[in-house]
Amino acid sequence: ASEQTFIMIKPDGVQRGLIGEVISRFEKKGFYLKGLKLQNVEKSFAEQHYADLSSKPFFAGLVEYIVSGPVVAMVWEGKSVVSTGRKIIGATNPLASEPGTIRGDFAVDIGRNVIHGSDSVESARKEIALWFPEGIAEWRSSQH
Ligand code: CMP
C-alpha cells in the first residue's frame, strides 16, 4: 500500500554534495517527494528525534553530529516506501551495506552514514509530525 516515510540527509551527506544523488535515487525508483527542507536543528530537537537511542553510549556524539551543519529533511511517498527506502539506504553500518545502496556506495563510518530513514510506518508517522508540524504539500491524484 502507499505510505510515507521520513528521510534525512545528515550533515556529512550535505557537506559532501550528496543531496542530488540521494534525491535522484528515490525519484528514479518511483517514489514521490512530498516535503523538503534544508535546515539547522537545535540540540534539543535532535535529542527528540533520536529519543529512542538516549541510553546508547553514542547518543551524545550522534546528537553533536546532527547539529554540526544543515540537514535535508524529506517526506517520500509510495508503495512500501518505508521498507524499500531502507533497502535503498542500506544497512546502518556502512561496512555492512551492500554496494549499490547509498551507504554501501558513499560511506565507511557508522557515525557518518550520510542518511536516515524511518524504520517503521509508526516511526515514520512520528518523525513526519516532528519535522513537518506545518504539514506537507498535496499532489493532485492525477499527478501520481
Ligand atoms: P540512523 O539510521 O540515523 O539511526 C540511528 C543512528 O545512530 C544511526 O543511523 C547511526 O548514525 C547512529 N549509530 C548507530 N549505531 C552507532 C554506533 N555504534 N556508533 C555511532 N553511531 C551509531
Side-chain angles (χ1 to χ4, degrees), residues 1-139 144:
S2 188
E3 55 192 32
Q4 294 184 336
T5 193
F6 173 72
I7 300 291
M8 169 177 54
I9 305 173
K10 298 178 181 182
D12 57 321
V14 174
Q15 283 159 14
R16 291 174 56 204
L18 296 174
I19 298 172
E21 179 72 39
V22 168
I23 290 178
S24 185
R25 290 181 179 216
F26 277 81
E27 273 191 318
K28 286 175 184 164
K29 175 66 177 170
F31 294 135
Y32 304 105
L33 183 59
K34 291 296 182 108
L36 172 75
K37 55 190 178 184
L38 177 78
Q39 66 177 102
N40 289 289
V41 297
E42 299 291 338
K43 188 165 176 253
S44 59
F45 187 90
E47 285 169 351
Q48 233 181 306
H49 171 75
Y50 282 123
D52 292 350
L53 300 175
S54 60
S55 62
K56 301 284 186 193
F58 57 81
F59 182 69
L62 174 60
V63 168
E64 208 175 308
Y65 153 53
I66 294 302
V67 304
S68 69
V71 300
V72 174
M74 296 180 283
V75 177
W76 286 89
E77 186 173 303
K79 284 183 193 162
S80 296
V81 69
V82 174
S83 58
T84 307
R86 284 176 68 89
K87 284 185 197 160
I88 292 172
I89 289 170
T92 303
N93 184 347
L95 296 180
S97 320
E98 295 297 330
T101 65
I102 292 170
R103 288 168 176 160
D105 288 349
F106 299 114
V108 288
D109 187 343
I110 194 167
R112 295 290 182 274
N113 63 359
V114 179
I115 184 168
H116 164 85
S118 306
D119 62 7
S120 66
V121 172
E122 177 57 17
S123 357
R125 196 189 53 73
K126 283 190 205 153
E127 291 172 0
I128 292 168
L130 176 68
W131 286 82
F132 290 87
E134 70 277 23
I136 56 173
E138 287 295 328
W139 288 32
H144 264 206

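Just the heavy atoms: all of them, side chains too, but no hydrogens, waters or symmetry mates, feed the values below. In each ligand, atom 1 is the first atom listed, and ligand 1 is the first ligand listed. Quick caveat: nothing in here was measured; it's all calculated off a predicted structure.
Interface of L53 with ligand 1, defined as ligand atoms under 4.0 Å from a residue heavy atom, comprises 5 (C), 7 (O). Using a 4.0 Å cut-off to heavy atoms of Y50, the atoms of ligand 1 that qualify are 1 (P), 3 (O), 4 (O), 5 (C). Each of the following atoms of ligand 1 lies closer than 4.0 Å to a heavy atom of L62: 6 (C), 7 (O), 11 (O), 12 (C).
With a heavy-atom cut-off of 4.0 Å, T92 touches ligand 1 through its side chain alone.
When V14, I102, I89 are each tested for a side-chain contact (heavy atoms from CB on, under 4.5 Å) with V114, only one passes: I102.
Under a cutoff of 6.0 Å and an axis angle of 45°, K37 and F132 form a cation-pi pair. Annotation: cation-pi geometry satisfied between R112 and Y65 (NZ/CZ under 6.0 angstrom from ring centroid, within 45° of ring axis).
Residue I110 places at least one N or O, backbone or side chain, under 3.5 Å from an N or O of ligand 1. Distances between N or O atoms of Y65 and those of ligand 1 include no value under 3.5 Å.
Between the side chains of S120 and S123, at least one donor N or O sits under 3.5 Å from an acceptor N or O.
In this structure, the side chains of Y32 and W76 stay at 4.5 Å or more apart for every pair of heavy atoms.
Salt-bridge annotation for D109 and R103: absent, with no side-chain N of the basic residue lying under 4.0 Å from a carboxylate O of the acidic one.
Between the choices K10, R103, R112, the shortest heavy-atom distance to atom 2 (O) of ligand 1 belongs to R103.
The protein heavy atom nearest to atom 21 (N) of ligand 1 is F58 CD1, 3.6 Å.
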